[in-house]
Amino acid sequence: MKPETESFFERVYEVAKLIPYGKVTSYGAIAKYLGAAKSARIVGYAMNGSFGKDVPAYRVVNRKGLLTGKHHFEGTNLMQQLLESEGIEIIDNQIQNFEAVFWNPLVELEQL
DNA sequence: TTTCTGACTCGAA
DNA sequence: CTTCGAGCCAGAA
């Protein structure tokens, strides 16, 4: 895979970029995929610096499907609108039918 | 250098 | 059922 020279952040970005259209994943799932299951916070922190990059940070939510990071986007509902435009239903910052749109890198990427 | 905080998560009380 | 605390990594003060 990637050399260890790349920081945890870089790896987070790469995984986030692999999230397919109409799907979402959680900070913890990405963290676990990177081998740091208890470093979900760092993933969220990394997302903070992903703004302006090719990283679809809006497709990353917490494990409950709650848009905890929406406050970091422009306006108050940009994150939600972006997700809804991909066919994901959101009510009160909560993704509906979350498990149906959940993309697990642990499962999807292990087959590559 | 130490300390604090953060878009999280899990387990215990 | 709700509430609380600990653990993780990185960067700023």
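A note on names: the letters A, B, ... follow the listed sequences, proteins ahead of strands, and every chain is numbered from 1.
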Between [N] atom [atom2] and [X] atom [atom1], what is the distance in whole Å?
X: A/Phe51; N: B/dG6; atom1: CZ; atom2: P; value: 20 Å
X: A/Leu67; N: B/dC8; atom1: CG; atom2: C1'; value: 14 Å
X: A/Tyr13; N: B/dA7; atom1: OH; atom2: C1'; value: 12 Å
X: A/Arg59; N: B/dA7; atom1: CZ; atom2: C1'; value: 17 Å
X: A/Met47; N: B/dA7; atom1: CE; atom2: P; value: 13 Å
X: A/Asn77; N: B/dA7; atom1: CG; atom2: C1'; value: 17 Å
X: A/Lys32; N: B/dT9; atom1: NZ; atom2: C1'; value: 11 Å

* Asked: How would nucleotides 8-13 of chain C be written as a contact map, 5' to 3', with B for base contact, S for sugar-phosphate-only contact and - for no contact, using protein heavy atoms under 4.0 Å?
  -> BBSS--
* Using a cut-off of 4.0 Å on non-hydrogen atoms, how would the nucleic acid contact of A/Asn48 be classed: base, sugar-phosphate, or nothing? -> base
* How is A/Ala37 classified with respect to the nucleic acid when contacts are heavy atoms under 4.0 Å: base, sugar-phosphate, or nothing? ->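 A/Ala37: no heavy atom of the nucleic acid under 4.0 Å.
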* Test item: A/Thr25 side-chain N/O and A/Asn104 main-chain N/O as donor-acceptor pair under 3.5 Å ->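 No: the side chain of A/Thr25 does not pair with the backbone of A/Asn104.
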* Output yes when a side-chain donor or acceptor of A/Gln80 lies under 3.5 Å from a complementary backbone atom of A/Asp92, and no otherwise. =>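 No, the answer is negative, given that no donor and acceptor are paired below the 3.5 Å cut-off.
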Donor-acceptor contacts, no H, no angles, side chain residues 66-75 of chain A, under 3.5 Å, sequence neighbours left out:
| unit_1 | atom_1 | unit_2 | atom_2 | d |
| --- | --- | --- | --- | --- |
| A/Lys70 | NZ | A/Thr76 | O | 2.6 |
| A/Lys70 | NZ | A/Asn93 | OD1 | 3.1 |

* Separation between the P atoms of C/dG5 and B/dC4, rounded to whole Å ->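 Comparing P positions in C/dG5 and B/dC4 gives a spacing of 16 Å.
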* Taking atom types as modelled and ignoring hydrogens, do the side chains of A/Tyr58 and A/Glu86 form a donor-acceptor contact shorter than 3.5 angstrom? -> yes
* Shortest non-hydrogen contact between A/Phe102 and A/Ala29, atoms and distance -> CZ-CB, 4.0 Å
Please tabulate, for the side chains in residues 34-52 of chain A, all donor-acceptor contacts under 3.5 angstrom to protein atoms that are two or more places apart in sequence or on a different chain.
| unit_1 | atom_1 | unit_2 | atom_2 | d |
| --- | --- | --- | --- | --- |
| A/Ser50 | OG | A/Met47 | O | 2.5 |

